[in-house]
Student: 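Attaching a single structure in C-alpha cells format; questions to follow.
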Amino acid sequence: HLPPGGAHHTRVKEVAAVRRYPGERLVLVRFRQALCITAAGAVSGQTPVFRGRVDLVNMGITVTDRKGGIVADLTARDFRIVEDGREQTIRYFAAGDVSEEEAPPLHLGVLLDVSRSMADDIGFVRTAAIKFLNTLTNAVDMTLVDFDLQVRVTRYGQSDFARLVERIRSQKLGDYTALYDAIGVYLDGAADQDGRKVMVLYTDGGDTRSTLTYNELIKLLRASDVTVYAIGALGPTSVSRTNERLVLQRIAEETGGQVYFPMFVKELDKIYSQIASEIRAQYTLGYVSSNTTNDGHWRKVDVTVTHP
C-alpha cells in the first residue's frame with residue numbers, strides 16, 4: 001500500500017529489513033539491533049558462541065526508482081531516520097556508486113552447502129560460487145564457509161584467489177546439513193569486520209543437524225549488518241521444496257537481500273550483475289540511538305527518502 005501523498009517511506013518493525021513500493025522509490029533497509037544469544041553446536045568439535053551488540057546502528061540502503069533503476073545521487077541530507085517516533089542524527093554516511101577508494105571496505109562471504117542432499121547440484125554450485133567471486137574483485141577479503149554436519153571457515157585475501165578456487169573445487173560431500181549453524185558462525189565472524197558485508201549462500205534450503213534453531217537464526221540475522229543473497233539449488237517443486245524456498249526467502253529478506261532460483265548456469269551472469277549493481281550503489285547510514293535504554297527490545301525505525 002502507498003502512504004498518503006506517495007511519500008518516500010520504508011518502515012521496519014521488529015524486523016531488520018522490509019521492502020515497500022513508496023511512491024517513486026523503493027528503499028531496502030537493514031540495520032543492527034541489540035541482541036545477545038548463545039547457542040551450543042558442533043563446529044569442527046567446538047562449541048560456537050553467537051554474539052550481537054549495538055552502539056552505532058548501521059543500515060545498508062539501496063534506492064531504486066519506479067522502473068527499478070538505481071538511484072545513486074543522494075546525500076545524507078536526503079535521508080531522515082526516525083526511531084520509535086524520535087528523529088535521529090545521522091552520524092555516518094557513505095554514498096553509493098562511488099569510487100573504490102572512497103567506498104567503505106567490502107567483505108564477501110560465500111557459504112557452500114556440501115551435504116549429500118546437494119549431490120545433483122554440487123557442480124552447478126561450485127561454478128556459481130567461482131563466477132560470483134570473479135564478479136566483485138574489489139573485496140578486501142573473502143570468507144568461505146563450507147558445511148555439512150560440520151562447519152569449516154577459511155578467510156582469503158585477493159592474492160589467495162587461486163587457493164580459494166581450488167578449495168571450492170575440491171570439497172567432498174558429507175552427511176547431514178547444519179545450515180543454520182553455518183550462517184550463525186559466519187555472522188559471528190563478520191561482526192568484527194568494518195565496512196560493507198555481503199554473504200552469498202548456495203544451498204537447497206534444508207537443515208537437518210543444526211543446534212541453532214530457525215527462530216534463533218532469524219534473530220541473529222536481524223541483529224546483523226550483513227546483507228544475504230541466497231542462490232537456491234533446488235530440484236522439482238514439492239511441498240518440502242516449497243518450504244525450503246520460503247526459508248531461503250526469509251533469510252535473505254531479513255537482511256535486505258534477495259533470493260534467486262536459477263535453473264541454468266547461464267542465468268547466473270544476469271543475477272550477479274544485479275547483485276553487483278546493488279552492492280556498488282548501496283548507501284551506508286549510521287546513527288547512535290538517543291534512547292540509551294538497554295532493555296533488549298526491538299525498535300521501530302522509519303527511513304524516509306526526501307529527495308524529490
Side-chain angles (χ1 to χ4, degrees), residues 16-17 30 32 35-53 58 60 105-115 118 125-126 128-129 132-133 136 139-157 160 164 167-168 171 174 176-207 209-233 247-248 250-259 275 279:
R30 59 178 167 74
R32 256 181 129 175
L35 179 70
C36 183
I37 293 179
T38 300
V43 181
S44 299
Q46 298 182 354
T47 301
V49 177
F50 306 114
R51 305 182 303 271
R53 63 182 297 275
N58 291 315
L106 173 62
H107 305 276
L108 289 183
V110 173
L111 271 68
L112 294 183
D113 183 345
V114 293
S115 62
M118 295 287 291
V125 166
R126 287 169 177 159
F132 172 72
L133 291 169
L136 293 169
V140 296
D141 54 50
M142 300 159 289
T143 300
L144 174 65
V145 180
D146 58 272
F147 61 94
D148 40 46
L149 175 61
Q150 295 186 332
V151 179
R152 296 164 289 271
V153 184
T154 312
R155 185 171 293 171
Y156 299 87
D160 297 320
L164 171 58
R167 181 171 177 83
I168 291 174
Q171 284 302 313
Y176 306 109
T177 311
L179 170 62
Y180 304 159
D181 283 353
I183 298 174
V185 168
Y186 173 77
L187 295 178
D188 187 57
D192 295 327
Q193 295 177 315
D194 294 323
R196 297 169 296 166
K197 308 164 195 178
V198 175
M199 184 190 90
V200 177
L201 169 65
Y202 299 90
T203 181
D204 57 8
D207 186 287
R209 283 301 174 95
S210 285
T211 56
L212 196 66
T213 68
Y214 175 71
N215 288 334
E216 289 171 337
L217 174 64
I218 294 303
K219 290 179 180 179
L220 284 173
L221 289 167
R222 290 175 178 175
S224 171
D225 56 357
V226 173
T227 303
V228 178
Y229 293 92
I231 310 293
V247 167
L248 292 182
R250 179 78 183 277
I251 287 172
E253 291 185 349
E254 283 291 346
T255 68
Q258 296 194 64
V259 62
I275 293 175
I279 293 172

Student: If you measure from OG1 on T154 to CG on D146, what distance do you get to the nearest 0.5 Å?
Tutor: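 Rounded to the nearest 0.5 Å, the OG1-CG separation comes out at 7.0 Å.
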Student: Counting only N and O atoms by type, is there a donor-acceptor contact under 3.5 Å from the side chain of D181 to the main-chain atoms of T211?
Tutor: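 Answer holds: yes.
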Student: Does any part of the side chain of V200, heavy atoms only, come nearer than 4.5 Å to the side chain of L133, both counted from C-beta?
Tutor: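 Side chain of L133 against side chain of V200, heavy atoms only: no contact under 4.5 Å found.
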Student: Hey, does the side chain of T203 reach the backbone of D113 with a donor-acceptor pair shorter than 3.5 angstrom?
Tutor: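 A pair under 3.5 Å: no.
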Student: State the CZ-CZ distance between F147 and R209, to the nearest 0.5 angstrom.
Tutor: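 Spacing of CZ (F147) from CZ (R209) equals 15.0 Å.
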Student: What is the minimum heavy-atom distance between A178 and V151, and which atoms define it?
Tutor: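 For A178 versus V151, the nearest heavy atoms are O-CG2, 4.3 Å.
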Student: Search all heavy atoms of L112 against all heavy atoms of A129 and return the closest pair with its distance.
Tutor: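 Here L112 and A129 meet closest at CD2-CB, 3.8 Å.
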Student: Measure the spacing between OH of Y186 and CZ of R155 and express it to the nearest 0.5 Å.
Tutor: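 Reported to 0.5 Å precision, the distance equals 7.5 Å.
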Student: Less than 4.5 Å apart, any side-chain heavy atom of V110 and any of L164?
Tutor: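 No, too far: nothing below the 4.5 Å cut-off.
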Student: Identify the two heavy atoms, one from A190 and one from V226, that lie closest to each other, and give their separation to 0.1 Å.
Tutor: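 In terms of heavy atoms, the two residues are closest at CB-CG2, 3.8 Å.
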Student: The criterion is salt bridge (charged side-chain N to carboxylate O under 4.0 Å, His left out); which residues satisfy it with D141, sequence neighbours excluded?
Tutor: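 Salt bridge (charged side-chain N to carboxylate O under 4.0 Å, His left out) list for D141, sorted by chain: empty.
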Student: If you define the side chain from C-beta out and look only at heavy atoms, does anything of I231 sit under 4.5 Å from F132?
Tutor: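 Heavy-atom side-chain distance check fails, nothing below 4.5 Å.
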Student: Can you tell me how far apart CD1 (I279) and CG (L106) are? Round to the nearest 0.5 Å.
Tutor: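 Those atoms lie 6.0 Å apart.
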Student: Do you know the tightest heavy-atom contact between D194 and H107?
Tutor: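 Result for this residue pair: O-NE2, 2.7 Å.
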Student: Ignoring hydrogens, what is the shortest heavy-atom contact between K197 and A191? Give both atom names and the distance.
Tutor: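 Smallest heavy-atom distance, with atoms named: NZ-O, 4.0 Å.
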Student: Going by the rule side chain to side chain contact (heavy atoms under 4.5 Å, CB included), which residues pair with Y214 if we only count those two or more places apart in sequence or in a different chain?
Tutor: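 Y214 satisfies side chain to side chain contact (heavy atoms under 4.5 Å, CB included) with Y180, I218, V247, R250 only.
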Student: What distance do K219 atom NZ and E216 atom CD have between them, rounded to the nearest 0.5 Å?
Tutor: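 CD of E216 is found 7.5 Å from NZ of K219.
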Student: Could you check I251 against L217 for side chain to side chain contact (heavy atoms under 4.5 Å, CB included), going step by step and ending with a plain yes or no?
Tutor: CA-CA 9 Å; I251 287 172; L217 174 64; 4.1 Å; yes
Student: Can a donor-acceptor pair be found between the side chains of N215 and T213 at a distance below 3.5 Å?
Tutor: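 Per modelled atom types, N215 and T213 side chains form no pair under 3.5 Å.
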Student: Under a 4.5 Å cut-off applied to non-hydrogen side-chain atoms, are L220 and L212 in contact?
Tutor: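 Yes, close enough: below the 4.5 Å cut-off.
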Student: Looking only at heavy atoms, which two atoms of M118 and D204 are closest? And how far apart?
Tutor: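 Smallest heavy-atom distance, with atoms named: SD-N, 3.5 Å.
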Student: What's the separation between atom CG in L144 and atom CG in L108, rounded to the nearest 0.5 Å?
Tutor: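 Spacing of CG (L144) from CG (L108) equals 11.5 Å.
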